[in-house]
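Each chain gets a letter, A, B and so on, in the order its sequence line appears, and its residues count up from 1.
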Protein chains: 2
Amino acid sequence: MANIKDIAKLAGVSVTTVSRVINGHPYVSDDKRAAVLRAMKATNYERNINAVHLIKGKTNLIGVMVPSIKRPYFGLVVEGIAEEALKGNYKLVLIQTNYEEERELEALMMLKLKQIDALIICSKISDWDIVEEYAAYGPIIAFEDARGRNVSSIYIDHYKSFMEALTYLSGKGHRKIGYCLARKSGTSSRQREAAYRDFLKRSGESFDPDCVFYDAIHFEDGEWIVERLMTSLLVTSDQVAAGILACCNEQNLQVPSKLAIVSFDNQPIAKVLNITTFAIPLTEIGRDLFRKVMTREFGQQEIPVKLIERLTV
Amino acid sequence: MANIKDIAKLAGVSVTTVSRVINGHPYVSDDKRAAVLRAMKATNYERNINAVHLIKGKTNLIGVMVPSIKRPYFGLVVEGIAEEALKGNYKLVLIQTNYEEERELEALMMLKLKQIDALIICSKISDWDIVEEYAAYGPIIAFEDARGRNVSSIYIDHYKSFMEALTYLSGKGHRKIGYCLARKSGTSSRQREAAYRDFLKRSGESFDPDCVFYDAIHFEDGEWIVERLMTSLLVTSDQVAAGILACCNEQNLQVPSKLAIVSFDNQPIAKVLNITTFAIPLTEIGRDLFRKVMTREFGQQEIPVKLIERLTV
């Protein structure tokens, strides 16, 4: 297919002029515009122009509310969103919130003020009531359990998946199970803690705050986690699990005999290091979030997690 | 510090109303606005409002032109940019181009039409002449050698770094050196190929196209690369190197005796797998790109790469 340079050459104008014609920019003389259109016709450029016409009246910008893309978990979701955006030639406005309500509101306001066509919420701290209020102004989808809410969602039942992981570890004979989380507050963390407490109650054990590790986000966090000696760990990120494993190897701490590790996500690093993990298709979820918010398909969709047994349990 | 909810409560208005006052939105009644401002004063909220005033008259959006954030190399650069954006409460408009000129022009047009305050180019295919034409409309910085151009840049001398890697491999006694690249065209690829050809010429060897592997981007690409038996490989991504190493382990192919691998980037996966690599501080480069384009500091800055010797050579 002819590209913009071919057309510029054929029409005897600059690439910028061609771009201006395509984008409907006013400052192009009539004869130059005619030359460009003739060249486009001659090179069968119409299809691309139609794509441009289709999106007229829209901003072509999709908002993505995300605490921070530096967290591997959200990085993967945003990757999937970006993959679909690239296919459809949409631009993404990344609104990183650091879980601050004011920034989340800014994202919602952008939807209301039509600065973005739709909003994807990867994670949030604001109440659902606030989000629902803005759902009237444009399509919103969230990567969080929104059952009973007037907002579409794709979600993971973190209570169920954590309970499954705990039962698996316990079935393998492991006791004194600790767990690592990215943050203390938030819906997912609350669901996980509830599963952990219910599991302990069932096993007749009492809750020990020393078994819970917060702010475990990156590979480097493995180091301080290993220092507090547990016999088994539930880790909510493969990156952190890999960091823990690397420290165990350095200290000649046998895995799984001295420390059993079960992780979440199933990133490539978990495969390479043979980490037992629960697969969560984060990138695929990102793609689905984008597709659903663009088609304005309403509904709540649960994503099941899947145990991948390897060598760390 | 008081948050937006506290202020809403104190002022007896909704959170949305507070947000509107902060954002200077017109549809707020005078008495509500006064109540919000009183509540803000009472709770010492001024500092945040000042931050909002400071950015008035700007879009608060920074454009990022990037082929695709799914490529680990650019993913890391964007992570660094995003980290700085988060600190300064700037939003990023991700313009993924897939190396299509039309999409790159769209990004440049956004700068011209003041839809973004500044533009960071992570990689591009368009001629420098076109980019320079748009530099008049707002600050642009590129992660590509822009010496002699009227555009700021932070860059890596890929000729120099590739020559260093080849000399290192050859010094360790390796012959028949292959190399893996993300794409065939582009400035970086041309610089690397030039280094490779010059190196062969110096060693009195002839160029063998079978020794060059294009489209090596992801971990999964390791598989097909291993199938074409080389005795040593220069890999421009740790992810690909890790994939190659995983395949070697599966096939009991001894590294480095049967296949020596030297990689680039020094991502965590290279550390875990003990891959010899040239460290490129991609995330730090992302942070610098953001800081420089925001301060409008003009100049060309070369980033040196650094050999990290581990176990794959």
Side-chain angles (χ1 to χ4, degrees), chain A residues 3-5 14-16 18-20 22-23 25 48 60-61 63-64 68-70 75 78-80 82-83 85-86 89-98 100-103 105-110 112-113 126-127 130 133-134 218-220 239 242-243 245-246 249 268-269 271-273 283, chain B residues 3-5 14-16 18-20 22-23 25 48 60-61 63-64 68-70 75 78-80 82-83 85-86 89-98 100-103 105-110 113 126-127 129-130 133-134 218-220 239 242-243 245-246 249 268-269 271-273 283:
Chain A
N3 68 20
I4 201 163
K5 258 191 201 164
S14 72
V15 168
T16 311
V18 177
S19 163
R20 279 179 186 144
I22 292 172
N23 289 299
H25 206 256
N48 268 5
N60 219 16
L61 298 174
V64 180
S68 159
I69 65 158
K70 216 173 172 318
V78 171
E79 258 184 28
E83 212 179 316
L86 180 59
N89 199 12
Y90 281 88
K91 300 176 190 83
L92 297 179
V93 181
L94 280 189
I95 305 133
Q96 296 182 109
T97 64
N98 210 12
E100 290 168 24
E101 270 179 296
E102 282 85 348
R103 300 193 183 190
L105 264 170
E106 279 179 37
L108 292 162
M109 283 301 268
M110 285 189 84
K112 181 164 182 181
L113 300 173
S126 304
D127 291 342
I130 296 174
E133 196 183 317
Y134 286 85
H218 301 287
F219 181 86
E220 293 72 17
Q239 293 285 330
L245 198 58
N249 290 342
I269 204 169
K271 193 186 168 193
V272 185
L273 297 179
T283 307
Chain B
N3 69 19
I4 202 165
K5 257 191 201 164
S14 73
V15 168
T16 312
V18 178
S19 163
R20 280 179 186 145
I22 292 172
N23 289 299
H25 205 258
N48 269 4
N60 218 17
L61 298 173
V64 180
S68 159
I69 64 157
K70 218 175 170 320
V78 172
E79 256 183 31
E83 213 179 314
L86 180 58
N89 199 11
Y90 282 88
K91 300 176 190 84
L92 297 179
V93 180
L94 279 188
I95 305 133
Q96 297 182 107
T97 62
N98 210 11
E100 290 168 25
E101 270 178 300
E102 282 85 347
R103 299 192 182 192
L105 264 169
E106 281 179 36
L108 292 163
M109 283 299 267
M110 285 188 82
L113 301 172
S126 304
D127 290 343
D129 290 344
I130 296 173
E133 194 181 318
Y134 285 86
H218 300 287
F219 181 86
E220 293 72 15
Q239 293 285 329
L245 198 58
N249 289 343
I269 204 166
K271 192 186 171 193
V272 185
L273 297 178
T283 306

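- With contacts defined as side-chain heavy-atom distances shorter than 4.5 Å, the pair A/Asn89/B/Glu102 does not qualify.
- Closest heavy-atom contact between B/Gln96 and A/Ala85: NE2-CB, 4.2 Å.
- Proximity to chain B (any heavy atom under 4.5 Å) is shown, for A/Asn249, by neither the backbone nor the side chain.
- For B/Leu113, the part lying under 4.5 angstrom from a heavy atom of chain A is the side chain only.
- For a residue to count as touching a neighbouring chain, one of its non-hydrogen atoms must lie under 4.5 Å from one of that chain's; by this rule A/Leu86 touches chain B with backbone and side chain alike.
- Ranking B/Leu245, B/Val272, B/Leu61 against chain A, the residue ahead of the rest is B/Val272, based on heavy-atom pairs under 4.5 Å.
- Of the listed residues B/Thr16, B/Val78, B/Leu273, B/Val15, the one with more heavy-atom pairs under 4.5 angstrom with chain A than any other is B/Thr16.
- More than 12 heavy atoms of other residues, nucleotides or ligands lie within 6.0 Å of NZ in A/Lys112, so this atom counts as buried by the packing criterion.
- Taken from CD in A/Glu100 to CD1 in B/Ile4, the straight-line distance is 11.5 Å, to the nearest 0.5 Å.
- For B/Ala107, the side-chain contact (heavy atoms from CB on, under 4.5 Å) partners two or more places apart in sequence, or in a different chain, are B/Met65, B/Ile95, B/Leu119.
- For B/Lys70, the side-chain contact (heavy atoms from CB on, under 4.5 Å) test picks out A/Glu79, A/Glu83, A/Thr283, B/Ser68, with sequence neighbours left out.
- B/Ile130 touches chain A through its side chain: at least one heavy atom from C-beta onward sits under 4.5 Å away, while N, CA, C and O do not.
- Only the side chain of B/Glu133 comes within less than 4.5 Å of a heavy atom in chain A; its backbone stays farther off.
- A/Lys91 NZ to B/Leu92 CG: the interatomic distance, rounded to the nearest 0.5 Å, is 15.0 Å.
- For the set B/Val64, B/Leu94, B/Val93, the entry with the most heavy-atom pairs within less than 4.5 Å of chain A is B/Leu94.
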